[in-house]
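Accompanying notes for the structure given below.
Chain identifiers are assigned alphabetically (A, B, ...) following the order of the sequence lines, protein sequences preceding nucleic acid strands; residue numbering begins at 1 within each chain.
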There are 2 protein chains.
Amino acid sequence: MPESSRRGPGSEATREKLNAAAAELIGELGWGRVTTRAVAERAGVPHGAVSYHFRGKQELLTEACLAAFGNAVPFEEFASLGGIDDLIDFIAVELEQGLADNTVLTRLMFEAMREAERDDRLRERLQAMMADYRQAVVTLVQADQARGVLSPAFSAEGVAIMLAAVGDGLLLHALLDPGLDIRGGLTALRTVLTASQG
Amino acid sequence: MPESSRRGPGSEATREKLNAAAAELIGELGWGRVTTRAVAERAGVPHGAVSYHFRGKQELLTEACLAAFGNAVPFEEFASLGGIDDLIDFIAVELEQGLADNTVLTRLMFEAMREAERDDRLRERLQAMMADYRQAVVTLVQADQARGVLSPAFSAEGVAIMLAAVGDGLLLHALLDPGLDIRGGLTALRTVLTASQG
DNA sequence: CTAGCATTTGTCCATATGGACAAGTCAAAT
DNA sequence: ATTTGACTTGTCCATATGGACAAATGCTAG
């Protein structure tokens with residue numbers, strides 16, 4: 001009888017079902033079209049459950065986002081990357097996953113980014129995630145520069161900003177056009193980055 | 001009495017007021033939260049006007065998008081660019097505009113990209129716009145390669161895919177975090193692209 | 001066994017929404 | 001002046017929606 005799963009205020013089981021359902025629907029319908037009824041139905045709980053577990057629709061959707069991101073962001077794998085080349089491989093895998101299995105999470109991310117302009121909590125959280133990501137990339141770039149793999153003339157911060165933008169931009173464009181040659185874009189990125197080395 | 005503005009089937013004036021109002025609201029509230037009443041109110045026309053001029057909400061919003069893009073996409077200026085360096089300057093200007101005056105249009109673009117997955121007409125149109133843009137970039141890259149400004153080892157198509165992604169990615173990230181150093185990202189991009197030249 | 005509690009469930013309601021429509025308005029053609 | 005047809009305006013309605021709530025349920029501590 002795990003105490004954490006059924007004791008205390010708020011039944012975590014139902015909350016999580018609602019969170020998962022909400023995350024799916026945000027990705028499928030877009031944030032603004034999600035209704036509390038649709039969420040409850042997909043979660044397999046009655047509509048009234050929403051009122052009990054959340055203060056309102058916006059809290060439900062926001063929490064669903066944050067929970068989904070909290071589970072899915074792979075900070076550990078990230079720490080094991082050796083350099084930019086590994087990073088681009090990593091991005092490639094992420095993009096392919098994001099376009100195959102994880103479509104829900106991918107779409108959710110863009111919906112959340114849009115909504116973040118209207119929801120302070122969401123904005124702070126997403127800004128922090130992006131900042132962490134960029135900081136990790138900066139470290140990778142500096143490591144490669146120390147090893148002579150990347151030109152020391154590059155601004156590590158600038159390159160990190162650029163790389164983060166490329167990743168999300170490619171994902172966004174690929175969602176819009178499934179025929180887009182993502183690999184071609186990434187290959188170009190790799191070539192361009194390392195063209196000036198020895 | 002200009003014949004084009006008030007004769008013929010459909011009053012262009014009212015339609016355009018509705019289109020403009022819809023485009024604004026999509027950017028501000030997100031596609032799914034726009035209501036026909038809010039659009040009519042902002043346009044300064046009664047709610048009933050929507051039913052007369054459009055077949056329904058989705059047609060109104062879609063048409064508003066396409067009209068906004070049709071007016072605002074600067075294909076002419078684009079043709080006057082000399083090479084990649086001009087292009088990056090151009091992107092820089094676009095980004096700064098998109099974050100200052102044109103915020104409405106910028107947000108509208110991302111909303112439209114998300115909605116395009118659920119609206120065939122919108123998807124086709126946006127795919128075509130992106131394809132045109134990338135094709136133009138390919139031409140620029142090839143010109144620079146012929147002039148020896150860019151390494152001929154780069155795949156022009158790949159670079160174009162990457163550049164398009166960088167632009168939209170930077171814009172998206174900058175909307176999320178107004179403190180983001182866009183110039184730093186673009187400078188890095190410029191440096192990286194031309195680092196291998198002579 | 002029972003009282004107390006969190007949780008569940010079904011229902012109710014005020015409001016918002018999309019869309020339809022009929023009556024009204026206006027300008028040009030006859 | 002009258003007619004005609006496009007456009008406008010205000011109103012109406014069926015439905016959807018978010019949220020509140022009371023009654024039911026089930027579990028635990030005493």
Over how many whole Å does the gap from Leu61(A) atom CG to dT17(D) atom P extend?
13 Å

Not counting sequence neighbours, which residues clear ring pair (Phe, Tyr, Trp, His ring centres under 6.0 Å) with Tyr133(A)? List them please.
Phe78(A)

Asp101(A): what forms a side-chain hydrogen bond (donor to acceptor under 3.5 Å, both in side chains) with it, not counting sequence neighbours?
none

Would you mind writing out the side-chain donor-acceptor pairs for residues 158-178 of chain B within the sub-3.5 Å range, not counting sequence neighbours?
from, atom 1, to, atom 2, distance (Å)
Asp168(B), OD2, His173(A), NE2, 2.5
His173(B), NE2, Asp168(A), OD2, 2.5
Asp177(B), OD1, Gly179(B), N, 3.0

Residues at least two apart in sequence or cross-chain that pass salt bridge (Lys or Arg N to Asp or Glu O under 4.0 Å) with Arg125(A), listed by chain then number, are none

Under the side chain to side chain contact (heavy atoms under 4.5 Å, CB included) rule, collect the residues that match up with Arg37(B), sequence neighbours excluded.
Thr35(B), His47(B)

Nucleotides 8-14 of chain D: which of its N/O atoms have a protein N/O under 3.5 Å away?
from, atom 1, to, atom 2, distance (Å)
dT8(D), OP1, Thr14(B), OG1, 2.6
dT8(D), OP2, Thr14(B), OG1, 3.4
dT8(D), OP2, His53(B), NE2, 2.6

Determine, step by step, whether Glu157(B) and Asp181(A) satisfy the side-chain contact (heavy atoms from CB on, under 4.5 Å) criterion, reporting the C-alpha distance in whole Å, the side-chain angles of both residues, the deciding distance to 0.1 Å, and the verdict.
CA-CA 9 Å; Glu157(B) 290 79 10; Asp181(A) 180 16; over 6 Å; no

Glu115(A): which residues meet the side-chain hydrogen bond (donor to acceptor under 3.5 Å, both in side chains) condition with it, sequence neighbours left out?
Gln58(A), Arg118(A), Arg33(B)

Atom pairs and distances, donor-acceptor, side-chain atoms in residues 134-144 of chain A, under 3.5 Å, two or more places apart:
from, atom 1, to, atom 2, distance (Å)
Thr139(A), OG1, Gln135(A), O, 3.2
Asp144(A), OD1, Arg147(A), NH2, 2.5
Asp144(A), OD2, Ile84(A), N, 2.7

Residues 92-100 of chain B side chain polar contacts: donor-acceptor under 3.5 Å, at least two apart:
from, atom 1, to, atom 2, distance (Å)
Glu96(B), OE2, Arg183(B), NE, 3.3
Glu96(B), OE2, Arg183(B), NH2, 2.9

Looking at five pairs on each end of the helix from dC1(C)-dG30(D) to dT30(C)-dA1(D), what is the angle between the two axes, given to 10 degrees?
10°

Please list, chain by chain and in numerical order, all residues satisfying salt bridge (Lys or Arg N to Asp or Glu O under 4.0 Å) with Glu59(A), sequence neighbours excluded.
Arg55(A)

Heavy-atom contacts under 4.0 Å between residues 23-36 of chain B and DNA chain C, which residues?
Val34(B), Thr35(B), Thr36(B)

